[in-house]
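Worksheet for the structure shown next.
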Protein chains: 2
Amino acid sequence: MNKYENVSMAVIRRLPKYYRYINELIEKDVSRISSYELSKLTGFTASQIRQDLNNFGGFGQQGYGYSVEVLKDELAKILGLDKGYSAIIVGAGNLGQAIANYRSFEDRGFRTLALFEKNPKLIGLKIRDIEIKDLDDIEKFTRENEIDIAIITTPKEQAQDVADKVVSCGIRAIWNFAPIDLKVDKDIIVENVDLNESLYTLSFLLKQNIK
Amino acid sequence: MNKYENVSMAVIRRLPKYYRYINELIEKDVSRISSYELSKLTGFTASQIRQDLNNFGGFGQQGYGYSVEVLKDELAKILGLDKGYSAIIVGAGNLGQAIANYRSFEDRGFRTLALFEKNPKLIGLKIRDIEIKDLDDIEKFTRENEIDIAIITTPKEQAQDVADKVVSCGIRAIWNFAPIDLKVDKDIIVENVDLNESLYTLSFLLKQNIK
DNA sequence: TAGATTGTTAATCGATTAACAATC
DNA sequence: TAGATTGTTAATCGATTAACAATC
């Protein structure tokens with residue numbers, strides 16, 4: 001069942017930012033915060049913050065605000081950071097390696113179990129303690145390990161084939177860094193990181209600014 | 001002057017996708033396309049496509065559609081891809097190296113002139129033909145070379161300092177990969193690529209899907 | 001000319017902001 | 001209790017979709 005079916009993507013994409021600032025408050029030993037103070041941190045309006053959070057439950061208390069600790073735990077649960085999702089990275093070039101090296105994902109419960117790569121020069125190497133395996137071993141590996149997420153960091157020419165393969169292996173979620181729109185069943189979750197889109201937007205804004 | 005001041009960010013962020021599909025059509029030697037056909041490719045509605053493009057000019061022709069060639073050139077101009085913007089990458093870890101290696105940016109006119117790095121083991125190395133220089137040489141380098149964009153791929157602890165430095169060197173646009181909200185003058189353009197936000201969103205959707 | 005498809009206005013939908021009663 | 005701040009409804013704003021006259 002889809003508990004938060006009616007929550008819009010606009011809301012969901014704000015949650016990570018709330019979560020980040022709440023974690024910063026925890027590091028600073030702040031124990032409570034009002035929507036107004038949180039609005040000054042995040043740049044969202046207090047009204048929006050209250051409405052966003054109320055999509056998921058009444059975490060606050062009138063006259064008091066929100067408990068930072070409670071909010072952190074609730075946001076983590078909402079975002080699924082308590083699930084300990086497992087991942088494989090397909091494509092062990094610089095980008096795949098960068099992600100494998102990125103500690104903050106595992107701090108949030110994500111575990112990268114292996115990288116897969118076509119280039120024989122890379123197969124057998126390790127990134128931290130994560131082995132780079134042969135691309136052809138994906139089927140075998142996914143049979144022996146439960147994998148939740150496939151991270152695709154291959155060149156765009158290979159991305160669709162890789163997507164087809166990991167979906168056929170039963171993986172339900174793809175974090176796609178290749179600049180193409182993957183064609184997959186609609187029950188497969190695809191989250192794209194499109195660097196071209198981001199850079200072109202920057203370029204547009206820069207052009208506007210200079211004129 | 002800000003020519004397209006009144007155009008919303010929602011529109012702007014769709015332009016790169018139009019541009020990508022238009023380029024695919026060019027590779028397939030398609031010379032004309034209607035908003036309806038483009039809607040099938042991109043997933044946006046035909047109405048939206050016509051309205052989006054009309055923010056920038058009437059590129060189409062009644063009864064005919066859009067010339068693919070014209071649309072490509074116009075989109076490139078709108079996005080500033082004809083400007084040949086120059087960039088430096090600050091942080092020469094895997095992510096910085098991945099971006100330096102990414103050919104498709106220079107195919108669109110972006111030139112990476114140098115990487116900068118603190119780690120002495122990396123200084124002096126080259127990524128393709130791009131040299132990794134000492135972080136302390138940024139001032140000197142920006143005095144001798146006109147740089148439009150700073151790409152920040154350092155750990156988050158250093159990102160704000162780096163931002164301050166590149167802004168003081170006269171750089172007006174930052175492509176930021178560190179998971180923090182940089183504090184800069186409001187006339188400086190910052191485009192963030194927030195991998196945490198993206199992964200958490202995927203995690204949220206995956207959790208919803210599985211339940 | 002008839003058919004196709006744009007450019008553009010009007011209608012709808014959804015998201016954000018404002019307001020305030022509820023309540024800690 | 002009085003003050004503060006939430007949760008939630010209503011008002012506003014903006015973005016998307018529908019419709020159609022203009023025109024190639």
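Everything quoted here is computed from the prediction, not taken from an experiment.
Between the side chain of A:Gln61 and the base of C:dT23 there is no donor-acceptor pair of N/O atoms closer than 3.5 Å.
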ring-ring contact (aromatic ring centres under 6.0 Å, His included) assessment of A:Phe110 paired with A:Trp175: CA-CA 13 Å; A:Phe110 298 94; A:Trp175 199 19; 8.1 Å; no

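The two residues B:Leu202 and A:Ala173 have their closest heavy-atom pair at CD1-CB, 4.0 Å.
Other residues, nucleotides and ligands contribute only 12 or fewer heavy atoms inside 6.0 Å of the CZ atom of A:Arg103. Counted within 6.0 Å of CD on B:Glu146, heavy atoms from surrounding residues, nucleotides or ligands total 12 or fewer; the atom is thus considered open. Under a cut-off of 6.0 angstrom, the local environment of OH in B:Tyr64 is crowded, with over 12 non-hydrogen atoms contributed by other residues, nucleotides or ligands.
Close to C:dA4, at under 4.0 Å from its OP1 or OP2, lies no side-chain N or O of B:Tyr66. The phosphate of D:dT6 has OP1 or OP2 within less than 4.0 Å of a side-chain N or O from A:Arg50.
Residues from residues 21-49 of chain B placing a heavy atom under 4.0 Å of any atom in DNA chain C, listed by number, are B:Arg32, B:Ser34, B:Ser35.
Going from atom CG of B:Asn55 over to atom C1' of D:dG14 covers 13 Å, rounded to whole Å.
For B:Phe59 and A:Met9, each mapped to the nucleotide of DNA chain C holding its nearest heavy atom, the one lying further toward the 5' end belongs to B:Phe59.
Taking CD1 of A:Ile171 as the reference point, atom OG1 of A:Thr142 lies at 6.0 Å (rounded to 0.5 Å).
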